[in-house]
Structure formats: C-alpha cells, structure tokens
Amino acid sequence: MLTGNIVFLLLGAGLACGLVAIGVALGYLRGKQLGTQVGIEIDRHAVLQMLQELGSWTTEYSGNVSEYQTRLNELSEQAKKTVPVTGKVDPNVVGLLGDIMQSNSQLQKRLEAAEKQLEKQTRQIESYLSEARTDGLTKLSNRRAFDTKMDELFNAYRKGGKSFVLAIIDIDHFKKINDTHGHPGGDEVLRQVAAVLRESLENSYMIARYGGEEFAVLMAGPLRLAADRVDATRRRLATETIKSGSKAIALTISVGLSEPKDEVIPAVMIRRADEALYAAKNIGRNRVYYHDGRQAILVGAPEVVNTRKDPG
C-alpha cells in the first residue's frame with residue numbers, strides 16, 4: 001500500500017513537471033506564431049532564456065522522478081519477496097523514501113518559482129503582441145492586424161460562414177490639414193476621428209488604421225445597413241470640429257464599402273471598396289458609396305458614377 005501511494009505521488013509530480021514544460025512551450029510557440037503574423041521581433045532572447053531555465057528545472061526533476069520510479073519498482077518487487085519472509089522493510093526502501101521527500105520539497109519550490117516566472121513572461125509577451133497589433137497614434141488595430149482579421153473573416157465566409165462588410169474611410173484634404181495646422185494638428189485629427197469611429201461603430205469586428213489618413217472597418221452586414229451606419233458617422237464628423245490646442249479644425253470623410261461575392265481572394269473585395277471610395281472622392285467628397293458588385297452607389301440616392309481613381 002505504501003509503495004502504491006509513493007508511485008502515485010511520483011506520477012503526479014512527473015505529470016506536473018510535464019504540464020509546466022508543455023504549457024511553456026506551447027505558450028511560447030503560440031506567441032512566436034502571433035508575433036510572426038503581425039511582423040514583430042519580440043524580445044526572444046529573454047523568452048528563450050526563461051525557457052532554458054524552466055527546461056532545466058523540469059528536466060532535472062522529471063529525471064529524478066523517473067529515476068526514483070524505476071528504483072521504486074525494483075525495490076517493490078524485492079519487497080514482495082523479502083517482507084513476507086523476514087517481516088522487515090528493506091533499508092534501501094527507507095533511504096529512497098527520504099530521497100523522494102527531499103526531492104519533492106525542492107521540486108515544489110522550483111515549480112512555484114517557475115509558475116511565477118511564467119506568469120511574468122506571459123504578461124510581457126501579451127504586451128509585446130498587443131503593441132505589435134496596435135497603431136501607436138490612434139490606439140486602433142494596425143494594418144497587419146487588419147490583414148489577419150480580413151483573411152480570417154474571408155476564409156470563414158468561403159467555407160459557408162457569415163458575410164461581412166468592409167468600409168474604407170479617408171479623411172478629406174488631410175494634406176491641407178497638415179499644411180495648415182502642422183503635424184501635431186494632423187495627429188490630433190487622426191486620434192479624434194479614431195475615437196469617433198470607435199464610439200459610432202462599436203461592435204464592429206475590427207476598426208483599424210489602414211494607412212496614413214485612411215481607416216478600415218470590418219463589420220456585420222447587410223451591405224446597405226452597414227453603409228447607413230457609416231453615413232451617420234460621416235454626418236456626425238461633418239458637423240463637429242476637432243480641437244487641437246486653441247484651434248478648431250473642421251473636416252469631412254469619404255467612404256467606400258463592399259462585401260464578399262464569388263471571388264476567391266479578399267483583394268477583389270478590397271478593390272471594390274476602393275472603387276466606391278474613389279467614387280466618393282471624385283463626385284465631391286464627404287460622401288459614402290457602396291459597391292454592390294456591379295457599380296458604386298451613393299447612399300441616399302440612386303447615383304452611379306465613374307470609379308476612376310482620384311489622387312486627392
């Protein structure tokens with residue numbers, strides 16, 4: 001009975017070591033995978049150092065457990081033969097029990113230290129990944145995070161999942177804002193537009209800074225309903241002023257929307273949203289157009305326009 005309990009204890013300790021090692025390895029590999037997806041070079045040296053330390057601890061004590069278990073099995077077989085005859089426990093078993101208890105105490109301390117170190121390093125990795133997926137100025141998701149989410153939603157749609165809508169939003173005459181109010185004024189415009197988008201288009205799948213003065217929103221459909229929501233945001237921004245120090249900056253946005261059709265790559269859907277955006281720019285800005293797969297249509301009117309690219 002005593003031997004069985006000890007074996008059970010050793011198996012439990014071995015399992016704990018294994019779980020710690022596997023958990024650390026999987027956590028690191030997942031962090032590395034995500035880091036690669038978003039194109040970040042996180043502090044892998046620190047992570048690898050931690051893994052080496054944890055690996056040495058778990059290897060050391062897992063090795064001890066394995067060794068003790070083997071010896072214990074051998075002594076158990078010996079005890080089955082000698083105890084019934086002599087009525088005494090083999091001194092080797094007593095010595096092994098002392099070794100096991102001492103090793104178990106050391107193992108517990110090491111595992112507790114490893115757990116604390118793992119929690120600390122996990123928080124650091126999460127922080128690195130969060131920063132890698134976030135635009136530093138607006139605190140929205142960045143282009144890399146957007147590309148990942150776009151692929152995720154598009155692939156799910158291709159497999160029979162729900163449709164979704166892409167909106168590309170461009171701040172009108174942003175260069176003029178920068179020239180008039182300086183880059184600090186331009187930065188404040190970007191921050192406050194981001195805040196309005198976050199508030200007005202909450203529950204979207206993702207709101208990202210697409211690049212420069214452009215934003216991208218991935219949201220639920222249907223397309224026309226999504227266009228109406230974005231148009232309400234456009235009207236809000238057109239009636240508000242952005243504060244930059246003592247200056248008030250007026251601005252408008254132009255927006256193009258699309259949804260997936262029969263294409264096999266998301267680039268086609270993105271191109272349609274771009275065409276709708278160019279339509280809004282070409283017709284005079286401060287407008288929202290959605291592309292229904294055939295043509296760009298102005299929200300609130302049955303107007304169809306040329307989708308020639310406008311550089312402004």
Side-chain angles (χ1 to χ4, degrees), residues 38-39 132-151 153-154 164-181 183-201 204-219 223 226-227 229-238 240 242 244 249-259 266-291 296 298-299 305 307-312:
V38 296
R133 298 172 63 85
T134 303
D135 175 64
L137 179 63
T138 64
K139 306 307 178 184
L140 295 175
S141 299
N142 62 17
R143 176 64 181 270
R144 295 187 184 97
F146 165 81
D147 288 340
T148 299
K149 189 65 175 180
M150 179 71 180
D151 288 341
L153 292 173
F154 186 83
F164 63 100
V165 173
L166 164 65
I168 299 180
I169 301 169
D170 185 90
I171 299 175
D172 295 328
H173 301 296
F174 187 72
K175 182 178 184 302
K176 182 177 180 181
I177 292 175
N178 268 336
D179 292 342
T180 303
H181 302 280
H183 287 287
D187 288 348
E188 188 59 30
V189 165
L190 290 170
R191 280 191 289 266
Q192 294 196 36
V193 168
V196 170
L197 295 178
R198 190 183 292 111
E199 179 181 332
S200 299
L201 302 175
S204 296
Y205 298 129
M206 176 174 284
I207 303 174
R209 185 179 179 191
Y210 196 58
E213 70 273 21
E214 284 191 337
F215 299 86
V217 183
L218 295 168
M219 55 198 305
L223 179 59
R229 288 189 64 196
V230 176
D231 193 50
T233 303
R234 176 198 63 79
R235 293 195 303 270
R236 173 181 171 179
L237 284 169
E240 294 183 358
I242 303 297
S244 177
I249 305 174
L251 63 89
T252 59
I253 61 172
S254 297
V255 187
L257 299 95
S258 67
E259 63 183 354
V268 180
M269 175 183 171
I270 295 173
R271 186 179 69 241
R272 284 199 303 274
D274 275 333
E275 290 178 355
L277 174 62
Y278 300 148
K281 290 287 191 180
N282 289 339
I283 205 65
R285 299 178 175 82
N286 191 24
R287 287 168 170 79
V288 173
Y289 275 80
Y290 64 91
H291 202 300
L298 174 65
V299 173
V305 300
T307 55
R308 177 181 59 83
K309 183 174 180 179
D310 182 281

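Atoms considered below: every heavy atom in the structure, side chains included; atoms not considered: hydrogens, waters and symmetry mates.
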* To do: Starting at NE2 of His173, measure out to NZ of Lys281 and round the result to the nearest 0.5 Å.
  => 7.0 Å
* Excluding sequence neighbours, so at least two apart, what forms salt bridge (Lys or Arg N to Asp or Glu O under 4.0 Å) with Asp187? -> none
* In plain terms, say whether Arg272 and Glu275 are close enough for a salt bridge, that is, a side-chain N and a carboxylate O under 4.0 Å apart. => no
* So how far is it from Glu188 CD to Leu137 CG, rounded to the nearest 0.5 Å? -> 8.5 Å
* Main-chain N/O of Gly212 paired to Arg209 side chain as donor or acceptor, under 3.5 Å -> yes
* **side-chain contact (heavy atoms from CB on, under 4.5 Å) between Ser244 and His181, intermediate numbers included** => CA-CA 8 Å; Ser244 177; His181 302 280; 5.6 Å; no
* Stepwise side-chain contact (heavy atoms from CB on, under 4.5 Å) test for Ile283 and Leu298 -> CA-CA 10 Å; Ile283 205 65; Leu298 174 65; 5.7 Å; no
* To do: Could you walk me through whether Gln192 and Val196 pass the side-chain contact (heavy atoms from CB on, under 4.5 Å) test, one step at a time?
  => CA-CA 6 Å; Gln192 294 196 36; Val196 170; 5.7 Å; no
* Do you know which two heavy atoms are closest between Tyr210 and Ala216, and how far apart they sit? -> CD1-CB, 3.7 Å
* To do: Given side-chain hydrogen bond (donor to acceptor under 3.5 Å, both in side chains), test Asn286 with Arg234 step by step and report yes or no.
  => CA-CA 7 Å; Asn286 191 24; Arg234 176 198 63 79; 3.0 Å; yes
* Rounded distance (nearest 0.5 Å) linking atom OH of Tyr278 with atom NE2 of His291 -> 12.0 Å
* Set of residues satisfying salt bridge (Lys or Arg N to Asp or Glu O under 4.0 Å) with respect to Glu240, sequence neighbours excluded -> Arg236
* Polar side chain donor-acceptor pair, Asp170 to Ser254, under 3.5 angstrom -> no
* How many angstroms lie between CZ in Arg285 and CG in Asp172, if you round to the nearest 0.5 Å? -> 6.0 Å
* side-chain contact (heavy atoms from CB on, under 4.5 Å) between Leu166 and Leu218, intermediate numbers included -> CA-CA 5 Å; Leu166 164 65; Leu218 295 168; 3.9 Å; yes
* Identified side-chain hydrogen bond (donor to acceptor under 3.5 Å, both in side chains) partner of Asp147 from the options Arg144, Lys149, Arg143 -> Arg143
* Return the minimal non-hydrogen interatomic distance between Asn142 and Ala132, and the atom names on each side. => ND2-O, 2.6 Å
* Asked: Is Phe215 close to Thr138 at the side-chain level, that is, under 4.5 Å between some pair of heavy atoms?
  -> yes
* Please check if the side chain of Ser141 supplies one atom and the backbone of Phe146 the other of a donor-acceptor pair under 3.5 Å. => no
* Nearest 0.5 Å, what's the CD1-CD1 distance between Ile207 and Ile169? -> 8.0 Å
* List in chain and number order the residues that pass salt bridge (Lys or Arg N to Asp or Glu O under 4.0 Å) with Arg229, two or more places apart in sequence or in another chain; answer none if no residue qualifies. => none
* In Å and rounded to the nearest 0.5 Å, what is the CG to CG distance from Leu190 to Asp135? -> 8.5 Å
